[in-house]
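Reading through the structure tokens given below for one structure.
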2 protein chains.
Amino acid sequence: MSKDSSRSQFNSITIIDVAREAGVSYGTVSRVINDSPNVKEETRERVKEVIDRLGFVGNRNARSLVSGKSHVIGLLIPDLGTAYIGEIIRGIDYELESIQYNLMLYTTHRREMKESGYISSLIQSGVDGVILILPRNPAIYLEKLRSLNFPYVLVDHQGIDEQGPAVGATNYQGAFDATEYLLELGHRRIAFITGTMDLGCSQERLLGYKAALQKHQIPFTPEWVIEGDFEQATGYSGAQTLMSLVNRPTAIFASNDMMAFGVMNAVRDMGLKIPGDISVIGFDDIFQSSQTMPGLTTVRQPLEQMGREATRMLIAMMKENTIKPGKIELPTRLVTRDSCKPLEAIQGN
Amino acid sequence: MSKDSSRSQFNSITIIDVAREAGVSYGTVSRVINDSPNVKEETRERVKEVIDRLGFVGNRNARSLVSGKSHVIGLLIPDLGTAYIGEIIRGIDYELESIQYNLMLYTTHRREMKESGYISSLIQSGVDGVILILPRNPAIYLEKLRSLNFPYVLVDHQGIDEQGPAVGATNYQGAFDATEYLLELGHRRIAFITGTMDLGCSQERLLGYKAALQKHQIPFTPEWVIEGDFEQATGYSGAQTLMSLVNRPTAIFASNDMMAFGVMNAVRDMGLKIPGDISVIGFDDIFQSSQTMPGLTTVRQPLEQMGREATRMLIAMMKENTIKPGKIELPTRLVTRDSCKPLEAIQGN
DNA sequence: GAATAATCTGTGAACGTTTACAATGAAAAT
DNA sequence: ATTTTCATTGTAAACGTTCACAGATTATTC
């Protein structure tokens, strides 16, 4: 026994209902909705009153159909498991709210599906632009986006898309700063756990680490560099490996905070103290990092701001209807908490 | 100097272009698109070929306008900071993909904005249904949704909306099981750290804890219950408080995993071992919980499945165009890892 | 008071589909 | 051969807006 199958049960009130009730034509109602200046103040009031009274809200589909703009942007992300992406989205949301845009979410879930087809369906589904966070393998569809002149922005994928618009953080500099900080604390034996090495950011962080060592004329020691994957368990096992070296490091720099947590746990489980026996430093500054004891010293990525910046770029492009290349790198910042300590105090070197 | 301001630059190919190219009428193309049976096989093939060749994808707005269905559902969430919500979304995504629906994301960011207005704009923005995760204060707009007969499902908010459709987990039973597990290990002094007490799930977990104690004739000791807020720092400070009691507990049950992490850190920082000196148990089983050392014993919430179940319910309601009340509680499951240990081994009681 | 200009309002067409219905042609039944 | 039936196709109207233009007011100038 099916209910009334009227076409659209919820958006029942239309511009025409409002017009009738207010005693004007639907054109005038449309003008009021769109803040056109060519409406007598008195009429405007009257129409607005009716709109409120009837609870009218414009039908987006009709509006989009004729205007060609959906006021929706697409967001393509690999996954939602990480606090990392959540913070970026917070920034996107913030900017979008101010211009009354909505967000359509596309999660690839790490499946490398026919991304090209994904993107094209996304385009045709009517979004006005798209933000791609940590895109997996963008070369295929970036071409398509560019050829269509479809507005897009890449977040955190520097180094791959040479031409397109992108937002990232100063990964190189951040790693450099962190390493130098440890050096300035007197550390000389500094280990490094990398991220997933097929990502640009991981490579840059490693480079920053090496550069800082070089600047201070500390020889690079391959056995102190462990390839990681951004997961906590790898930090744990990496630290175990490092700490069992005969020539073991006095400080460990992990390429993200999750791995740093793993390091901290491993070190503690060996009966050592942080920062008493070993200094630990991370990268990202996710919320949790301020919650541990001791607080994790780390390189802060301005994730929320990255989201905002990306959105601003996208909005500008949607407005001008053109893709303007230009890479933005937002500055990282060293956040010192209590997981690092001068070397002198450790063993008098 | 603005570019061509043609109406819609990306969806250029329409049903009419396809019709012309295939030598049929647009009606026939529409039929092919919608898999109508009344099309000669030969014609169907020809049209499909043209569709592929031209890369035609139907304009969603036009389709939605006439059909009254947008093939989009709205998702209202408080925040994205937690892995918790990410997992639920994974489940939603999974179900949605199979029926070709898209997801519109609305993040309230814990701001208690005029939610009622939010919801109404959401409804009118053309989504076909809405899933509300951990809704803050739903009474206001639930009424509206119900009176409009607008399909919705609540996730993880049992106990508030008595009538509406909702999906949750067996919080009571889960907490009961965890507590009983500790009792069976021989523990008698079991502390409990609550969640945010204005949430139904927090209350139920506390109830489950109390019930298990009662069943085993262990008196309830108020000083062993600490009010928490689901954040790691609270677990840390809570554990400090608990461990400094003269009559200190031998096990701590935290209402979620994040707080359990805090507990673990605090305990370790006091120079105690887990589970050697104290047993710790959590709730949620987020990914990280399998990554710590020792692995955290915890109550697994089937978050992904909750997302899937909620979506299935919503789809059914959208199909039948009616809200059918009915609460589903998915079973939790105790996941035993290495953070708990029989009491005998601790101090021979 | 008439002519002109400025402001405001109504109307028709369009956006790209779906849907119901009418029209066509071929096959089947008489 | 004529009618009936059925499968297939074409066509008009509708969905709820925006936009351009025409029409109707009102205000301004002569």
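This is a predicted model, so every value here is computed, not measured. Residue numbers begin at 1 in each chain, while the letters A, B, ... track the order of the sequences.
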Nearest heavy-atom neighbours spanning A/G307 and A/T311:
O-OG1, 2.6 Å

A/F56 or B/N38: which one's nearest nucleotide on DNA chain D is closer to the 5' end?
B/N38

Tightest non-hydrogen contact, residues B/M313 and B/P165, listed as CE-CB, 3.7 Å

Nearest-Å distance, CZ (B/R31) to P (C/dT18)?
11 Å

At less than 4.0 Å, is any side-chain N or O atom of B/T28 found next to OP1 or OP2 of D/dG10? Yes or no.
yes

Could you pick out which residue, B/A62 or A/V24, lies toward the 5' side of DNA chain C when each is mapped onto its nearest nucleotide?
A/V24

Just to be sure I understand the geometry, which residues of residues 40-52 of chain B put a non-hydrogen atom under 4.0 Å away from DNA chain D?
B/K40, B/T43

For A/K69 and C/dA14, what is the distance between atoms NZ and P respectively, to the nearest whole Å?
22 Å

Separation of D/dG16 P from A/D17 CG (nearest whole Å):
9 Å

Protein-nucleotide distance (A/I16, atom CD1; D/dT17, atom P), rounded to Å:
8 Å

Rounded distance in Å - OH (B/Y26) to P (C/dA20)
15 Å

Looking only at heavy atoms, the pair that brings B/A169 and B/M306 closest together is CB-SD, 4.0 Å

Any side-chain N or O of B/T14 below 4.0 angstrom from OP1/OP2 of C/dG16?
no

Quick check: closest heavy atoms across A/H71 and A/D128, and the distance to 0.1 Å?
N-OD2, 2.8 Å

Using a 4.0 Å heavy-atom cut-off across all strands, classify B/N61 as base, sugar-phosphate, or nothing.
nothing

Please classify the nucleic acid contact of A/S30 as base, sugar-phosphate, or nothing, using heavy-atom distances under 4.0 Å.
base

Here's a test for you: under side-chain contact (heavy atoms from CB on, under 4.5 Å), which of B/L134, B/V167, B/L199, B/L132 qualifies with B/D156?
B/L134

Taking five pairs at each end of the helix from C/dG1-D/dC30 to C/dT30-D/dA1, what angle separates the two helix axes (nearest 10°)?
50°

Determine, for A/R90 against A/E87, whether the closest basic-nitrogen to carboxylate-oxygen distance falls under 4.0 angstrom.
no

Mind checking what makes side-chain contact (heavy atoms from CB on, under 4.5 Å) contact with A/Y26, not counting sequence neighbours?
A/I15, A/I16, A/A19

Between B/R146 and B/E143, does at least one N-O distance fall below 4.0 Å, as a salt bridge requires?
no

Rounding to an integer number of Å, can you tell me how far A/N59 CG sits from D/dA14 P?
17 Å

Between CD1 of A/I15 and C1' of D/dA14 the distance, given in whole Å, is 16 Å

Ion pair B/E41/B/R44, N-O distance below 4.0 Å
yes

Interatomic distance, B/I13 CD1 vs C/dG16 P [rounded to whole Å]:
11 Å

Mark yes or no for a side-chain to base donor-acceptor pair under 3.5 Å between A/R60 and D/dG16, with no hydrogen or angle criteria applied.
no

Run the salt-bridge test on B/E309 and B/R312 with the 4.0 Å N-O cut-off and return the result as yes or no.
yes

